[in-house]
Amino acid sequence: MGRFAQWRGMVLAQGHRLRGALRPAEEPDDPLEPPPSLNRLDALVEGFAAGQPVRWTLAGQPRPLPGPVDVVAYRIIEESLTNACRHAPGAAVAVRLRYDPTGITIEVRDEGAGPAPSGGGSGRGLLGVRRRAERLGGTLSAGPRAGGGFLVRAVLPAPEEVAE
């Protein structure tokens, strides 16, 4: 019984990882929840800010993004905030969105002590959002910052429509 209780505790504590590992990257979002969108960024940041100082800034002129770009941008920020909470609990996090004529750039930086020790995580979440960004013709890079902390940077194409 002791081993069962130990196993049960581990499953309850690590269930989110198991679900993430079993869920294919291409699986659609839950149809019962509102669709992911940068329009819901305030609520996303607010949810994470309850346990960690998070601020976000905006540069450029915001505009509606194509649906897939909007979803991927939201998911990149969501995964980056999740990782900051997991690997740099309590550290300040900054989210920056920059709109330009060719698309949107996303940067999420945390002020943590540095990268987690090796074996601390599988990196599947970042790998999944990197694949999503690349499918759209974008890029995503992630890694430790020279002065400490971690940076996720994504560039997604979403050209402004040319009015004629």
Inset, instruction - Answer yes or no: is there a side-chain heavy-atom contact under 4.5 Å between Asp70 and Tyr74? - result: no
Legend entry - Expected output: side-chain Arg145 to main-chain Asp110 donor-acceptor under 3.5 Å: yes
Legend entry - Same apolar cluster: Val152 and Leu136, side chain cutoff 4.5 Å: yes
Inset, instruction - Spell out, yes or no, whether Val45 and Ile76 are grouped together once hydrophobic residues are joined by side-chain heavy atoms under 4.5 Å, including indirect joins. - result: yes
Legend entry - Beyond-backbone contact of Leu38 with Ile77, side-chain heavy atoms, under 4.5 angstrom: yes
Legend entry - Transitive ILVMFWY side-chain link Leu151 to Val95, under 4.5 Å: no
Legend entry - Any side-chain heavy-atom pair of Leu65 and Leu156 under 4.5 Å: no
Legend entry - Common cluster, Val129/Val155, ILVMFWY with side-chain heavy-atom separation under 4.5 Å: no
Legend entry - Close side-chain approach of Thr105 and Arg153, heavy atoms under 4.5 Å: yes
Legend entry - Arg55, CZ atom: more than 12 neighbouring heavy atoms under 6.0 Å: no
Inset, instruction - Can you measure from CD (Glu107) to CZ (Arg98) and round to the nearest 0.5 angstrom? - result: 7.0 Å
Inset, instruction - Would you check if Val108 and Phe150 make a side-chain contact, meaning some heavy-atom pair closer than 4.5 Å? - result: no
Legend entry - hydrophobic_cluster_shared for Leu44 and Tyr99, side chain cutoff 4.5 Å: yes
Legend entry - Donor-acceptor contact below 3.5 Å, side chain Arg130 vs main chain Leu140: yes
Legend entry - Short side-chain to backbone donor-acceptor contact, Glu111 and Gly149, under 3.5 Å: no
Legend entry - Electrostatic pair Arg75-Glu78, nearest N-O below 4.0 angstrom: yes
